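Below is one structure; the comments refer to it alone.
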Amino acid sequence: MNIFRHFEEIVSDALAGLQSAGTLAADLDLSRVAVEPPRDPSHGDISTNAAMVLSKPAGMKPRDLADLISTALDASGHFTDVSVAGPGFINMTVRDTFWQTRLADVLAARTSYGVSEMGTGQKVNVEYVSANPTGPMHVGHTRGAVFGDALANLLEKASFDVCREYYINDAGGQIAVLADSAFLRYREALGEDIGSIPEGLYPGDYLVPVGRALAADHGDALLAMDETARHDIVRSASVDAMMDLIRGDLDALGIKHEVFFSERALHQSGKIETTLKQLENKDLIYVGVLEPPKGKTPDDWEATPQTLFRSTNFGDDVDRALKKSDGNWTYFAPDIAYHLDKYERGYTHLIVVWGADHGGSVKRMKSAVAAVSEGGADLDVKICQLVRLMRDGEPIKMSKRSGTFVTLRDVVEEVGKDAVRFMMLNRKNDAPLDFDFAKVTEQSKDNPVFYVQYAHARIHSVLRNAAADDALKGVDIGDTALAAADLSCLRDEAELGLIKHMLQFPRMIEAAAEAHEPHRIAFYLFELASSFHALWNKGKDNPALRFILPDQRDATLARLALIRATGYVIASGLEVLGVEPIEEMR
RNA sequence: GGCCCCGUAGCUCAGUAGGAUAGAGCAUCAGAUUCCUAAUCUGAGGGUCGGUGGUUCGAAUCCACCCGGGGUCACCA
């Protein structure tokens, strides 16, 4: 599917020929040989750095080696031109027919164009969102949610076996606060005047229905109940209710996790103890006293002995505490057990998506995964930087107190799922992002969401017009018929350029999946849309380049094939981003 | 003070398993509409890739040290 693989084979065949002829050593390391499209299209269609990379081990000057390789490539008969340029690049040109007929591949694959075998079904676990279930999701969670989901889509397109996972932090102190807050709402539901919500509890209205439901289910029975038993009931009901809220929020963004993993269940299973026992057996746990942080010592610092994990053995800066001073586990201890559990479920590639404020935990988590899997699993922590909400260029100030708090739902309802998703992916994950409500809904080139969707809609507009055109009455313009059209009609530079551009898509998928960087797809789609819009306008200047030519059926069918294929590539890319490819904009 | 991220055109940003003359959008200037959606397109100007060294055929990309911005720093998840 990735046509550059095809050319890689041709190049490696040529190199193998030189090896068997004795010109090149048989044990040459070919891993650095790249076969890529050159940056400048005037250099040709394909380029390789083989001569420069191999010149030293071959003991030859790059240009001399390039001449040899280039002769072999020329003899392969695949190219209309092979030339050596610059310091030793070998540039190859393929005949137009090659490119034209590749359109049939796209038309056959449709929106599955770009699917790569790269992942070979390897299991990848992507953990994202994992927001504490203490309320609805706020806008700060949005970027990580969209990023993780798009990354999962991307890896699926690259043939990884992906699990989307959510870690429910339902065991910590914040959950106790949630339960207390819900209990207050329960008393309120029973008719008690609870006054204003005390400091330290969650004041949000979203707990009112939780209180009512508890009252409906239990009457006033909870009031007389033993505190531990009551707390269990209230906590469990509250967490369930909050997770329902969160699932609803995620659903509005088009996100569905396959696994929701409960931290509380982890505590109850005894898995934490067994995991740490394993580490203890490897002498990776000890009781010791940490040095206070250099430069800035907290006021309440005490040099007390703690149960520590030897994360410094795995590259961390200091060893990390596993138990709090009250004897409970720190968040880190269950997290270690959780990651072991992922590994034991067969996931050797682990990805977690965190907010920027958790950047300090990356090394310890990687250390833990290395220790617990004995190097069998790799962990990639993707850090999403903050999003600055803007309105007409002015930052929106948020605070929970003043009620100017923006939820994820607010954003989705104002600008729509597609716009939110695309904009969140239109920046590298580790760079801060401005999100301007005005810009995101604007219908102009300023707004990449619109620009890409508009290209797709234009394509469908042409297809609708073609279907309704008298000159094409009774003519089959289905995908199979278009694939069989005389594609050699596509001779204009802009047409060939568009074809070559869309054929890069499988390469983009592989590169983006390899790097765990879905934003590359967003940028690619913007550029592909740009190629299409340019061709469209060329037809305005030169009517001979219009897509529908009533008196030239062959050329029309070829051009419909071209734009139909473009539409599939755009749709395939949008599928990765989780954005709808709309067919009409009015 | 330690660690992590960032620093590329006036602005917002792409571009890293090292590749040829560093790219887009916005903004500025000059153009294109009897025609499939001008919601678009074409062209121009604009750069010591934060700095200095190093590695090599070749560095925005890798290494070291600085400068500037942000995040984080036992027991909060």
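Since the structure is predicted, the reported quantities are computational estimates derived from the model, not experimental observations. To find a chain, count down the sequence lines: A is the first, B the second, and so on, and within it residues start at 1.
Proximity note for A:Asn537 (side chain, C-beta onward) versus B:U37, B:A77, B:A32: the nearest is B:A32. In the set B:C13, B:C75, B:A74, B:A74 carries the atom at the smallest distance from any side-chain atom of A:Leu290. Checked against B:U42, B:C36, B:A74, the side chain of A:Asp300 finds its nearest nucleotide in B:A74. Checking B:A74, B:C36, B:U40 against the side-chain heavy atoms of A:Tyr451 singles out B:U40 as nearest. Side chain of A:Asn132, nearest nucleotide from B:A77, B:A74, B:C36: B:A77. Relative to the side chain of A:Arg427, the nucleotides B:U12, B:U37, B:A77 differ in distance, and B:U12 lies closest. Taking every side-chain heavy atom of A:His533 into account, B:C41 is the closest of B:C57, B:C41, B:A74.
A straight line from CG of A:Leu308 to P of B:A74 spans 13 Å, rounded to a whole angstrom. Rounded to an integer number of Å, the gap from A:Asp357 CG to B:G70 P is 17 Å. Rounded to an integer number of Å, the gap from A:Lys538 NZ to B:C41 C1' is 12 Å. Note: CD (A:Gln174) to C1' (B:A77) measures 6 Å, nearest angstrom. Atom CG of A:Asp170 is separated from atom C1' of B:A77 by 12 Å (rounded to the nearest Å). Here B:U40 presents its P atom at 18 Å from NE2 of A:His456, a figure rounded to the nearest Å. Protein atom CG of A:Leu386 is 18 Å distant from nucleotide atom P of B:G69, rounded to whole Å. If you take CG of A:Asp436 and P of B:C26, they are 16 Å apart, rounded to a whole angstrom.
The gap from the C1' atom of B:A74 to that of B:G69 amounts to 28 Å, rounded to the nearest Å. Across B:U33 and B:A38, the matching P atoms stand 12 Å from one another, rounded to whole Å. Going from the C1' atom of B:A77 to that of B:C62 covers 36 Å, rounded to whole Å. Comparing the P positions of B:U48 and B:G23 gives an interatomic distance of 15 Å, to the nearest angstrom. Between the C1' atoms of B:C75 and B:G10, the separation comes to 49 Å (whole Å). One C1' atom belongs to B:G47, the other to B:A14, and the distance between them is 15 Å to the nearest Å. Spacing between B:C67 and B:G51 at atom C1', rounded to whole Å, works out to 7 Å. If you take atom P in B:C65 and the same atom in B:C3, they sit 9 Å apart, rounded to whole Å.
Salt-bridge annotation for A:Lys473 and A:Asp470: present, with a side-chain N of the basic residue lying under 4.0 Å from a carboxylate O of the acidic one. Using a cutoff of 4.0 Å between basic side-chain nitrogens and carboxylate oxygens, A:Glu510 and A:Arg507 are not scored as salt-bridged. Ionic pairing of A:Glu495 and A:Arg559 is present here: one or more N-O contacts between side-chain nitrogen and carboxylate oxygen are shorter than 4.0 angstrom. Using a 4.0 Å cut-off between charged side-chain N and carboxylate O, A:Lys538 and A:Asp492 make a salt bridge. Salt-bridge formation is detected for the pair A:Lys342/A:Glu127: a Lys NZ or Arg NE/NH1/NH2 atom is positioned less than 4.0 Å from an Asp or Glu carboxylate oxygen.
Within the cation-pi definition used here (under 6.0 Å to the ring centroid, within 45° of the axis), A:Lys323 qualifies as a partner of A:Trp329. Figure legend: A:Arg320 and A:Phe332 shown without cation-pi pairing, the cationic atom not lying both under 6.0 angstrom from the six-membered ring centre and within 45 degrees of its axis.
Inter-residue side-chain proximity for A:Pro38 and A:Phe89 is flagged as unmet; no heavy-atom pair is nearer than 4.5 Å. Contact annotation: the side chain of A:His519 never approaches that of A:Phe147 to less than 4.5 Å [non-hydrogen atoms, C-beta and beyond]. No side-chain heavy atom of A:Lys439 sits less than 4.5 Å from a side-chain heavy atom of A:Met390. Side chains of A:Leu535 and A:Phe547 form a contact here, defined as non-hydrogen atoms less than 4.5 Å apart.
Remark: A:Lys540 is in phosphate contact with B:A38, judged by side-chain N or O atoms under 4.0 Å from OP1 or OP2. Distances shown here put a side-chain N or O of A:Trp536 below 4.0 Å from the OP1 or OP2 atom of B:A38. Considering only side-chain N and O atoms, A:Arg264 lies nowhere under 4.0 angstrom from the phosphate OP1 or OP2 of B:A77. Within the 4.0 Å cut-off from OP1 or OP2 of B:C36, not a single side-chain nitrogen or oxygen of A:Ser461 is found.
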Nucleic acid footprint by protein, nucleotides 2-10 of chain B - heavy-atom cut-off 4.0 Å, B for base, S for sugar-phosphate alone
-S-SS----

Can you give one letter per nucleotide of nucleotides 18-25 of chain B, going 5' to 3': B for a protein heavy atom under 4.0 Å from the base, S for sugar-phosphate only, - for none?
-BB---SS

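Stem analysis of RNA chain B (Watson-Crick or G-U pairs, both distances under 3.5 Å, runs of at least three) returns B:1-7 with B:67-73, B:10-13 with B:23-26, B:28-32 with B:40-44, B:50-54 with B:62-66.
There is no side-chain donor-acceptor pair under 3.5 Å between A:Asn169 and A:Tyr331. Between the side chains of A:Asn91 and A:Ser47, at least one donor N or O lies within less than 3.5 Å of an accepting N or O.
Within the 4.0 angstrom heavy-atom criterion, only backbone atoms of the sugar-phosphate kind lie near A:Gly173; the bases stay farther away. In this structure, A:Phe523 reaches the sugar-phosphate backbone alone: every heavy-atom distance under 4.0 Å involves primed, P, OP1 or OP2 atoms, never a base. Within 4.0 Å of A:Glu442, counting heavy atoms only, lies no atom of the nucleic acid at all.
Using cut-offs of 30° and 60° on the angle between ring planes, the pair A:His358 and A:Trp354 is tilted.
Residue order along RNA chain B, read from the 5' end via each residue's closest nucleotide, puts A:Asn429 first among A:Asp326 and A:Asn429. Both A:Ser361 and A:Leu545 lie near RNA chain B, and the one whose nearest nucleotide falls closer to the 5' end is A:Leu545.
Side chain A:His358 to base B:A77: a donor-acceptor pair is found below 3.5 Å.
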